[in-house]
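So you know, we letter chains A, B, ... as the sequences are listed, proteins then strands, and number each from 1.
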Number of protein chains: 2
Amino acid sequence: MPARRKSATEPDGDTERRILQAARNVFVRRGTAGARMHEIAEEAGVNQALLHYYFRSKDGLSAAVFREVAGRLIPAVLNLLDSDEPLERKIEAFVHLYIDTVRQTPFLPGYILAELHHHPERLPAMVTEVAGALPAPPAAALTRRLDAQLRERAAAGVIRPISPVHFLATVLGLCVFPFVARPMLIVAFGMDDAAFERFLDERRAELPGFILRGLQP
Amino acid sequence: MPARRKSATEPDGDTERRILQAARNVFVRRGTAGARMHEIAEEAGVNQALLHYYFRSKDGLSAAVFREVAGRLIPAVLNLLDSDEPLERKIEAFVHLYIDTVRQTPFLPGYILAELHHHPERLPAMVTEVAGALPAPPAAALTRRLDAQLRERAAAGVIRPISPVHFLATVLGLCVFPFVARPMLIVAFGMDDAAFERFLDERRAELPGFILRGLQP
DNA sequence: GTCTATATTGTGATAGAC
DNA sequence: GTCTATCACAATATAGAC
């Protein structure tokens, strides 16, 4: 067996990973500015100094968390949207996968959007990580296949002409809104967690058809 | 003429209002947790102590800003959605008014949604301010007319049956997304401000038709 | 690598002169 | 009402023992 150091409190734990995970939880629920290093250390079960040992500063930790979180979600979204799947099935697959994935961590989209508001410079690094180095407007290359697909379907008269940006704003907007507006919906419509889950199920079932009808000529 | 005190730097200014406005700007762009009392005072052209004189604490100021900001937008949204306007015109009017209003302060929706995430308890006060005291789930009363309208149109076979919550999530989601995702869209698609404005114009023109088609049976 | 202790700065808030 | 000066403490960050 390999000689491996063991933590006092957690025998086998990969400390760096535990810190990163705790940081993700705290950053996502408190927001980057509202998060406290103290709370992260506590949740990770380590001392606060260790956070600096591994990540140097709060800003470094925050960047690492954003990389980890956005590095999962953004590529998944882009790859699915730009796949070769036929448009109709692609829309349904996207809605289902997005809602099913995000409902497990419902505050993630809000965190990512807020983070991009305060640190827009962190996005390019994310996107190039998906597709390697790219010319200036990265999304043009990232939605190449989607673009061709939309043109083809429009030429065939099955849908109205629509650009990838608008398509993305429509599909993503419809999927994302329930999550970013979750507190509002819960309070305003008196939902509990179960009611919100049912609401998500209904959206999941209705959205693909709604989108397809909306795209019709 | 009434005897009125004058500030040293700004002859006629209503100080409290200047502070509130500066606070709104700073809170909206930095987020509540990231905002600094120092920066607000500077932007208002007054001393930091004055903020406490008028609003007691950062939390008090933050609550006042949220009341002021959400107190404009939320009632406008709800009243328009629940008006007696025929459904088709209502949808178009809503999309146009929402985009035209919010484009002047594009970060407002993000601020409101983030604020509701961290202080959901502040919403009920907002809603009751619109419609007076209400029984437990406020939105039920606030969308009474919309509800009736959707049922009537569904019974007539013009649209599919849809609940007010889903209707709101659809319409509002489509309108709101360009604003909350603005940084992402700008960076990912290499837009400048003018391109984003054109994008909004296109959305404004396309969304009403898209929604109506999507609602069809 | 992990801890305790401490330095250093940031930040909300108050006291008191004018 | 508005300012200057200052307090008190919270929060990030570092030093150094183990």
Side-chain angles (χ1 to χ4, degrees), chain A residues 1-66 115 118-119 122, chain B residues 1-66 115 118-119 122:
Chain A
M1 64 176 95
R4 182 136 48 89
R5 280 274 148 257
K6 297 187 171 209
S7 156
T9 53
E10 182 67 23
D12 170 40
D14 176 2
T15 307
E16 182 169 357
R17 202 154 292 279
R18 282 219 319 285
I19 292 176
L20 197 61
Q21 181 179 328
R24 195 197 59 198
N25 292 339
V26 175
F27 278 129
V28 167
R29 68 166 175 264
R30 304 260 190 236
T32 303
R36 297 291 161 243
M37 298 293 273
H38 172 64
E39 188 178 358
I40 296 172
E42 200 172 49
E43 186 151 333
V46 299
N47 187 275
Q48 195 172 337
L50 264 199
L51 310 192
H52 291 92
Y53 174 80
Y54 281 107
F55 298 94
R56 239 193 68 85
S57 65
K58 180 183 179 180
D59 197 64
L61 184 51
S62 137
V65 165
F66 181 75
E115 199 56 19
H118 299 299
H119 300 284
R122 284 180 181 170
Chain B
M1 66 176 97
R4 181 133 51 89
R5 278 275 147 255
K6 295 183 171 212
S7 155
T9 54
E10 182 66 23
D12 172 37
D14 177 1
T15 307
E16 181 170 355
R17 200 153 293 279
R18 283 219 317 288
I19 292 176
L20 198 61
Q21 181 179 329
R24 195 199 58 199
N25 293 339
V26 175
F27 279 129
V28 167
R29 70 166 173 265
R30 304 260 190 237
T32 303
R36 297 291 162 246
M37 298 294 273
H38 173 65
E39 188 178 359
I40 295 172
E42 201 172 48
E43 185 150 334
V46 299
N47 188 275
Q48 193 173 338
L50 265 198
L51 309 192
H52 291 92
Y53 175 79
Y54 281 107
F55 297 95
R56 238 192 67 87
S57 67
K58 181 182 179 182
D59 196 64
L61 185 51
S62 136
V65 165
F66 181 75
E115 198 56 19
H118 299 299
H119 299 286
R122 283 182 181 168

- Message: Looking at every non-hydrogen atom in both residues, tell me the closest pair between A:Val65 and A:Ala23 and how far apart they are.
- Response: CG2-CB, 3.6 Å
- Length of the line joining A:Glu42:CD and C:dC3:P, which is rounded to integer Å: 13 Å
- Item | Residue pairs passing the side chain to side chain donor-acceptor pair (under 3.5 Å) test where at least one lies in residues 28-44 of chain A, sequence neighbours excluded | A:Asn25-A:Glu43, A:Arg29-A:Glu39, A:Arg29-A:Glu43, A:Arg30-A:Glu39, A:Thr32-A:Glu115
- Query: What's the CZ-C1' distance between A:Arg36 and D:dA10, to the nearest Å?
  - Reply: 8 Å
- Query: To the nearest Å, how far apart are B:Arg30 CZ and C:dT11 P?
  - Reply: 11 Å
- Note on the structure: Contacts satisfying salt bridge (charged side-chain N to carboxylate O under 4.0 Å, His left out) that involve residues 47-63 of chain A (not counting sequence neighbours) are A:Asp59-A:Arg122
- Message: How many whole angstroms separate atom CG of A:Leu51 from atom C1' of C:dC3?
- Response: 13 Å
Between side-chain atoms of residues 44-54 of chain B and protein atoms elsewhere (two or more places apart, or another chain), which donor-acceptor pairs fall under 3.5 Å?
residue: B:Asn47; atom: OD1; partner: B:Ala49; partner atom: N; Å: 2.7

- Task: Apply the test side chain to side chain contact (heavy atoms under 4.5 Å, CB included) to residues B:Gln21 and B:Arg24: give CA-CA distance (whole Å), side-chain angles for both, the deciding distance (0.1 Å), then the verdict.
- Result: CA-CA 5 Å; B:Gln21 181 179 329; B:Arg24 195 199 58 199; 4.2 Å; yes
Enumerate the protein-to-nucleotides 13-18 of chain C contacts in which both atoms are nitrogen or oxygen and the separation is below 3.5 Å.
residue: C:dA13; atom: OP2; partner: B:His52; partner atom: NE2; Å: 3.3
residue: C:dA13; atom: OP2; partner: B:Lys58; partner atom: N; Å: 2.5

- Message: How long is the straight-line distance from OG of A:Ser57 back to CE of A:Met37, given to the nearest 0.5 Å?
- Response: 7.0 Å
- Task: Look at the side-chain N and O atoms of A:Tyr54 and state whether any lies under 4.0 Å from the OP1 or OP2 oxygen of C:dT2.
- Result: yes
- In whole angstroms, the gap separating P of C:dA5 from OH of A:Tyr53 amounts to 21 Å
- NA contact type, A:Ala33, heavy-atom cut-off 4.0 Å: base, sugar-phosphate, or nothing? nothing
- Given atom CZ of A:Phe55 and atom C1' of D:dT14, what is their separation to the nearest angstrom? 18 Å
- What nucleic acid atoms does B:Ala35 come within less than 4.0 Å of, heavy atoms only: base, sugar-phosphate, or nothing? sugar-phosphate
- Could you give the CG-to-C1' distance, from A:Leu50 to C:dG1, as a whole number of Å? 7 Å
- Item | Separation of D:dA10 P from B:His38 NE2 (nearest whole Å) | 22 Å
- Is there a side-chain polar atom (N or O) of A:Thr15 under 4.0 Å from OP1 or OP2 of C:dT2? yes
